[in-house]
Amino acid sequence: MRCCFEPKGNDPGQGSTLFFETERMKMKKINLLGAGGSIGSQTVEVCRMHGFGIHSAALKSNYRHLAKLAREFDIKRLCIFDEEYSKPLKDELFGSGIEILTGMEGLCALAADDNADITVNSVVGMVGLEPTLSALENGMDVALANKETLVAGGDIVMELARRNNRQILPIDSEHSAVFQCLMGVSGDKVKQLSGIILTASGGPFFGRTKAELENVTAEQALCHPNWSMGRKITIDSATMMNKGLELMEACHLFGVKPSQVEIIIHRQSVLHSAVVLSDNAVIAQLGVPDMKIPIQLALTYPERMPSLSAALSLTDYGSLTFEKPDFDTFECLSAAVSAARKGGTAGSIVNGANERAVELFLDGRIGFTDIGKGVAGALDSIPAMPADKLKNVLDADRAARKYIDDLFGVN
Ligand code: MG
């Protein structure tokens, strides 16, 4: 099975001196998709700290922020996804000579731009899948924070990465942790990896019963105990859908089956995940809950550099706890695990249903537990197809969104 650790054979760091490595990194330039979000903003901070360049940048609608970034980093190409903001962005940057694109076409063009060294995809939602494909098709490595790329398009994406000899470097803290643990394993990593322990904070509603979750508000669901993240992923964390999506991503990235991934609740979010090796040795990666370590490593791999993240004091924490998740209460989690077992477009179905249901919840149109009902219902009602064609993946996504709208009588 393909995994993101297969050797590329053209590692640019091979045989270089440490000095050369540092110089090379300083020259590193990125395409940054999703520059305005939580991961995007932290990626900008990492670039600022290390003097990395931003060749191109895209965000959804905040044209003033994009213009500001363009001036600071001397960015050559921009994509403002919502076309209506293209004119104000052009006015703002009048005379600068910066190329300004819009929509999916613009996003894909930036993703594929090989004047940069790597494409960082931190776009939120299904809209992130096609840019990843576009980057890999054009021979770009991808630092990946967009979950949908693998949840919905994993079969196509991993096959394309293998065919084009490209690397996918995970930015999510859990997958970066597994990636880091495997960095310390020599020989055939796929053969030696017998399991993954995927940690979950449990979100703001850990320990609650189903009945107690009925009347939860968006405001309560948006209060995550450990991580500061965007709105969509914070809700996914509260429903635990996030962990289900991460299980699917882990299977694609590291070439394991769903049965080889154990999800455990770890309230402190200090142990970011672990690998179980063939001799039952467990290797874990720990650190304070801060995305700057995974972001930075995705950009500097295989080197490590000083980071903006604080040092971890284990004695300040005193104890770390581990518990089993409650699959009955967190319906999204069990639906996502079932989808992972089913395979094919099941990932796209649960993802599409969830994305739409979360939108409706944030708009106050459905309740918190309706998200889980909708996701489980979509998985039961829509047949899964092979996910080896983009059309099947996108059709499944559309069918799932329609299922949610029909179920809750909205459009
Ligand atoms: Mg995560």
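Please read all numbers here as calculations on a predicted model, not as lab measurements. Just so you know, ligand 1 is whichever comes first in the structure, and atom 1 is the first atom listed for that ligand. We number each residue from 1, following the sequence as shown.
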Atoms (protein N, O or S; no water) under 2.8 Å from the Mg ion (ligand 1): 3

For Ala145, side-chain contact (heavy atoms from CB on, under 4.5 Å) partners two or more places apart: Ile39, Ser122, Ile171

Ring pair (Phe, Tyr, Trp, His ring centres under 6.0 Å) contacts touching residues 379-411 (sequence neighbours left out): none

Residue pairs, two or more places apart or on separate chains, that pass ring pair (Phe, Tyr, Trp, His ring centres under 6.0 Å) and touch residues 359-382: Phe205-Phe368, Phe361-Phe368

Arg267 and Glu323 ion-paired at < 4.0 Å: no

Qualifying residue, where the test is side chain to side chain donor-acceptor pair (under 3.5 Å) with His55 and the options are Asp114, Asp113, Asp74: Asp113

Backbone of Met140 reached by a side-chain donor or acceptor of Asn138 within 3.5 Å: no

